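Every value quoted in this text rests on a predicted model; they were computed, and no experiment measured them.
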Amino acid sequence: MTNNNKTYISELKDYVGKEVTLSGWLYNSRSSGKIQFLIIRDGTGLCQCIVEKGSVSDELFDELRHLGQESSIRVSGTVRADERSVGGYELAVTDAEVIGAATDYPITPKSHGIDFLLKNRHLHLRSRRQWCIGKVRHTVIDAIRRFFNDKGFVLIDTPIFMSMAGEDEQTLFEVDYFGEPLHLTQTGQLHLESAAMSFGKVYCFGPTFRAEKSKTRRHLTEFWMVEPEVAFIDLDGLLELAENFVYFITEQALTNNRSELEYLGADIAALEKMKPPFYRLTYTEAVEILTGEKTQKFLSEQLEQLQRQKQQIESRIGELEKKQAGQRKQWQKDKIAAELIELRAELGETDARIENNPKHAKLAAGFQWGKDLGGSDETIISQMHDKPIFVTHYPKDAKAFYMKTDRGNEKVVLNFDLLAPAGFGEIIGGSVREDDYEKLLKRISGQGLDVENYSWYLDLRKYGSVPHGGFGLGVERTVAWLTSEKHIRQCIAFPRLMDKVYI
RNA sequence: UCCCCGAUAGCUCAAUUGGUAGAGCGAGCGGCUGUUAACCGCUAGGUUGUAGGUUCGAGCCCUACUCGGGGAGCCA
């Protein structure tokens with residue numbers, strides 16, 4: 001089948017007044033006796049197609065009236081601009097051909113639970129929300145490659161089967177490699193360091209696997225991570241690289257996906273403020289903030305606000321319940337019932353936040369210097385800022401063996417996390433790498449790791465060692481942040497969750 | 001692994017103190033020439049997650065289990 005006569009919905013603005021043929025799927029339809037509105041999706045967008053009685057044969061008119069959601073179809077007609085239509089253009093249909101009729105499509109235009117949607121992920125991908133997220137993700141990935149390629153970085157594909165651990169042995173997936181135990185990569189960093197000593201600036205980009213038993217909205221067992229690694233760079237240089245990088249990604253998403261971001265309900269005004277420089281805090285400063293009065297005040301104000309919000313929702317529910325009882329028409333009662341369901345869900349979320357608030361306040365107030373920042377601690381700091389925040393100089397003992405110690409204070413390392421604002425939390429983790437042979441050797445053996453396995457890694461410190469470092473950015477977390485999507489499982493086509501793989 | 005919540009029609013949810021299981025969407029039929037998750041009328045659709053227990057009577061109370069959601073630890 002040739003593709004020559006086909007027009008895509010995204011191109012309709014160039015065909016106003018002209019006759020075109022669209023190929024796609026029936027997204028939704030409404031009929032009004034002698035006029036039908038078919039919403040067609042073709043992968044590039046949505047288009048409302050108008051079928052008037054008399055402009056097509058009676059047989060076709062009747063066939064279209066009974067066509068099921070997601071049937072595949074080819075429609076021909078004249079393009080015209082109309083503000084009432086999705087996307088601003090519509091098609092006055094003169095002819096149509098049903099390619100594959102569909103009946104009883106499971107995902108209806110009403111709301112569904114997450115379990116049902118994940119079980120139907122192969123179909124859920126067709127929904128508008130998932131489509132918008134997929135488009136944003138595509139832009140993010142394109143921006144990642146473009147940013148590094150334009151800056152002279154060389155792409156290095158690091159292995160997925162790994163013989164050594166980058167971080168923690170316990171969080172690895174083990175595989176049987178012809179009888180030998182290997183594990184799936186959790187970072188390409190160690191290999192990347194060796195490549196950086198050849199090419200200077202390198203990056204790797206691919207799937208990463210973590211066997212962490214984490215059941216939260218921020219975790220997947222398989223996720224995509226990009227990791228740049230640069231020779232001759234210090235911590236300040238890394239921070240600058242990271243903020244320019246994140247800025248470029250947000251700017252590309254705003255340029256290419258504004259309508260998708262709007263549909264998804266992303267905070268576009270906030271994203272437009274993401275210009276560097278970002279905030280910079282040391283770990284010690286972050287701890288002072290967490291344990292300080294300002295945080296307790298911030299949290300108690302937040303709690304008050306949540307309680308006010310709760311009261312508002314409750315009084316609204318009370319009003320609606322009264323209103324519902326007074327209604328005689330069943331459909332009016334049902335409309336109110338639908339609103340009540342939404343309000344009750346909102347109330348549940350608010351309740352959970354009210355319940356968590358004092359726990360988080362207690363955790364923050366009792367935070368001891370030396371521990372790693374917990375999820376709630378990151379959330380608090382993130383909520384207190386309107387731009388991304390770098391947190392640097394973590395305690396050495398809480399961090400991986402390869403991080404370079406601060407020569408002015410050996411208790412901390414030259415690392416950083418980048419927290420996305422408004423409560424989204426960590427999207428980047430990175431560090432300057434230990435470049436001193438003796439210090440690295442001591443840290444490897446000090447962590448009980450087999451030095452033999454790391455001899456090649458130590459070689460990099462033997463033959464022309466240089467200051468170097470890099471970081472890793474999680475793609476799904478970044479997409480979730482940009483789109484205001486709550487759970488990162490929606491930010492990858494086929495998510496792998498702890499204990500659960502649907503298709 | 002721990003804590004909290006839930007499971008009722010294909011889907012999303014109601015069901016007052018323990019007293020005859022309902023609605024919307026979706027499906028089918030009909031009506032309507034500008035609809036925006038269209039609207040209006042009619043029809044079909046149920047072993048209330050599983051196994052026990054209390055009771056004259058259990059969707060509702062009790063116990064165990066299964067599955068799911070949210071959160072914690074850990075992390076991108």
Side-chain angles (χ1 to χ4, degrees), chain A residues 27-39 46 48 50-55 65-66 68-69 82-86 90 103-120 128 167-168 170-171 186-187 208-227 321 324-325 329-331 333-338 340-342 344-345 348-349 351-353 355-356 359-360 363 371-376 378-379 398-400 417-420 425-430 471-478 480-481 486-488 498-500:
Chain A
Y27 182 75
N28 196 4
S29 69
R30 292 178 275 272
S31 102
S32 183
K34 294 186 179 112
I35 184 168
Q36 292 177 46
F37 304 90
L38 310 179
I39 313 291
L46 294 173
Q48 175 162 280
I50 314 298
V51 189
E52 289 182 38
K53 188 126 187 169
S55 59
R65 203 159 66 85
H66 291 96
Q69 191 190 347
D82 193 313
E83 280 189 5
R84 292 171 294 186
S85 253
V86 197
E90 62 182 26
T103 51
D104 296 329
Y105 184 70
I107 303 178
T108 66
K110 292 279 171 174
S111 63
H112 297 278
I114 187 62
D115 187 48
F116 177 77
L117 290 175
L118 284 174
K119 279 176 181 153
N120 288 286
R128 197 162 171 196
E167 316 225 327
D168 181 0
Q170 292 183 338
T171 62
Q186 58 177 176
T187 169
T208 299
F209 307 89
R210 304 264 167 106
E212 291 155 5
K213 301 257 185 200
S214 305
K215 218 181 95 181
T216 82
R217 64 183 62 178
R218 293 215 279 253
H219 286 86
L220 295 169
T221 54
E222 178 182 312
F223 63 96
W224 282 65
M225 181 162 73
V226 57
E227 297 176 89
E321 278 172 346
Q324 191 180 30
K329 294 238 176 190
Q330 187 60 48
W331 70 269
K333 285 191 182 185
D334 295 333
K335 271 226 159 118
I336 295 168
L340 281 171
I341 286 163
E342 262 176 51
R344 282 183 191 133
E349 267 178 48
D351 272 335
R353 292 187 65 191
E355 202 186 315
N356 280 328
K359 289 184 199 165
H360 292 171
L363 278 172
K371 282 197 319 182
D372 208 346
L373 292 179
S376 66
E378 284 180 357
T379 304
K399 287 290 164 185
D417 282 351
L418 180 67
L419 310 182
E426 185 176 351
I427 57 171
I428 287 183
F471 57 84
L473 171 126
V475 169
E476 291 78 13
R477 284 188 182 181
T478 304
W481 166 54
K486 281 210 182 74
H487 203 303
I488 67 170
M498 175 195 146
D499 295 342
K500 208 183 312 154

A/Lys486 atom NZ, over 12 foreign heavy atoms within 6.0 Å: no
Hey, are the side chains of A/His112 and A/Asn120 touching, using non-hydrogen atoms and a 4.5 Å cut-off? no
Gap in Å between the two C1' atoms, one belonging to B/U33 and one to B/A23, rounded: 31 Å
Using a heavy-atom cut-off of 4.0 Å across all strands, would you classify A/Asp82 as base, sugar-phosphate, or nothing? base
Given that both distances must come in under 3.5 Å, which nucleotide forms a Watson-Crick or G-U wobble pair with B/A58? none
Expressed as a whole number of Å, how far does the C1' atom of B/A15 sit from that of B/C60? 10 Å
Step by step, would you call A/Ile107 with A/Phe116 a side chain to side chain contact (heavy atoms under 4.5 Å, CB included)? CA-CA 9 Å; A/Ile107 303 178; A/Phe116 177 77; 4.3 Å; yes
C1' gap between B/G49 and B/G59, integer Å: 12 Å
Can you tell me whether the side chain of A/Gln48 and the base of B/U35 have a donor-acceptor pair closer than 3.5 Å? yes
For A/Glu227 and A/Thr187, does a side-chain donor sit closer than 3.5 Å to a side-chain acceptor? yes
Give one of base, sugar-phosphate or nothing for A/Arg218, where a contact means two heavy atoms less than 4.0 Å apart. base
Considering only the C1' atoms, how many Å lie between B/U50 and B/U66, rounded to the nearest integer? 7 Å
In terms of side-chain heavy atoms of A/His66, which of B/A27, B/G34, B/G30 is nearest? B/G30
Base, sugar-phosphate, or nothing: which does A/Glu90 touch, judged by heavy atoms less than 4.0 Å apart? base
A/Arg30 has a side chain; which of B/A38, B/U33, B/C74 sits nearest to it? B/A38
Listed nucleotide nearest any side-chain atom of A/Phe37, set B/C75, B/G34, B/A72: B/G34
Any strand: nucleotide that pairs with B/A38 via Watson-Crick or wobble, under 3.5 Å: none
Return the nucleotide paired to B/G18: Watson-Crick means purine N1 to pyrimidine N3 with N6-O4 or O6-N4, wobble means G-U with N1-O2 and O6-N3, both under 3.5 Å. none
Side-chain-base donor-acceptor pair under 3.5 Å for A/Glu52 and B/G34: no
Name the pairing partner of B/A72, where a pair is Watson-Crick or G-U wobble with both distances under 3.5 Å, or state none. B/U1
Looking at A/Trp224, is its backbone amide N or carbonyl O close enough to the side chain of A/Glu476 to form a donor-acceptor pair, meaning the two atoms are under 3.5 Å apart? yes
Out of B/C75, B/A72, B/G34, which nucleotide sits closest to the side chain of A/Thr216? B/A72
Quick one, give me the B/S/- string for nucleotides 5-10 of chain B, reading 5' to 3', where B means a protein heavy atom under 4.0 Å from the base and S means that only happens at the primed atoms, P, OP1 or OP2. ------
Where the side chain of A/Asn28 is defined as all heavy atoms beyond and including C-beta, which of B/A38, B/A76, B/A72 is the nearest nucleotide? B/A38
For A/Tyr105 and B/G26, do the ring centres fall under 5.5 Å apart while the planes stay under 30° apart? no
Minimum-distance nucleotide (side-chain atoms of A/His487 versus B/G34, B/G70, B/U33): B/G70
Give A/Leu220 one of three labels, base, sugar-phosphate or nothing, depending on what nucleic acid heavy atoms sit under 4.0 Å from its own. base
Is any side-chain N or O of A/Ser31 under 3.5 Å from a base N or O of B/C32, one able to act as donor and the other as acceptor? yes
Given that both distances must come in under 3.5 Å, which nucleotide forms a Watson-Crick or G-U wobble pair with B/G46? none
Between B/U54 and B/C42, how far apart are the C1' atoms? Round to whole Å, please. 44 Å
Provide the distance between the two C1' atoms, one in B/A9 and one in B/C5, to the nearest whole Å. 24 Å
Non-hydrogen side-chain atoms of A/Arg128 and A/Asn28 separated by less than 4.5 Å: no
Could you please name the partner base of B/U8, counting Watson-Crick and G-U wobble pairs only when both distances are under 3.5 Å? none
Could you check whether any side-chain N or O of A/Arg477 sits under 3.5 Å from a backbone N or O of A/Glu426, counting only pairs where one atom can act as donor and the other as acceptor? yes
Please determine, for the side chain of A/His219, which listed nucleotide (B/C74, B/G70, B/C29) has the closest atom? B/C74
Just wondering, do A/Leu220 and A/Arg210 contact through their side chains at under 4.5 Å, heavy atoms? no
Closest to the side chain of A/Asp115, out of B/G68, B/G34, B/A27, is B/G68
Applying a 4.0 Å non-hydrogen cut-off, can you work out what A/Gly113 is touching in the nucleic acid: base, sugar-phosphate, or nothing? sugar-phosphate
Which is true for A/Ile427 with a 4.0 Å heavy-atom rule: it touches a base, it touches only sugar-phosphate, or it touches nothing? sugar-phosphate
Measure from the side chain of A/Ser32, starting at C-beta and using heavy atoms only, and say which of B/A27, B/U33, B/C75 lies closest. B/U33
B/C2 versus B/A44 - spacing of their P atoms, nearest Å: 49 Å
Would you mind pulling out the nucleotide paired to B/U63, Watson-Crick or G-U wobble, both distances under 3.5 Å? B/A51
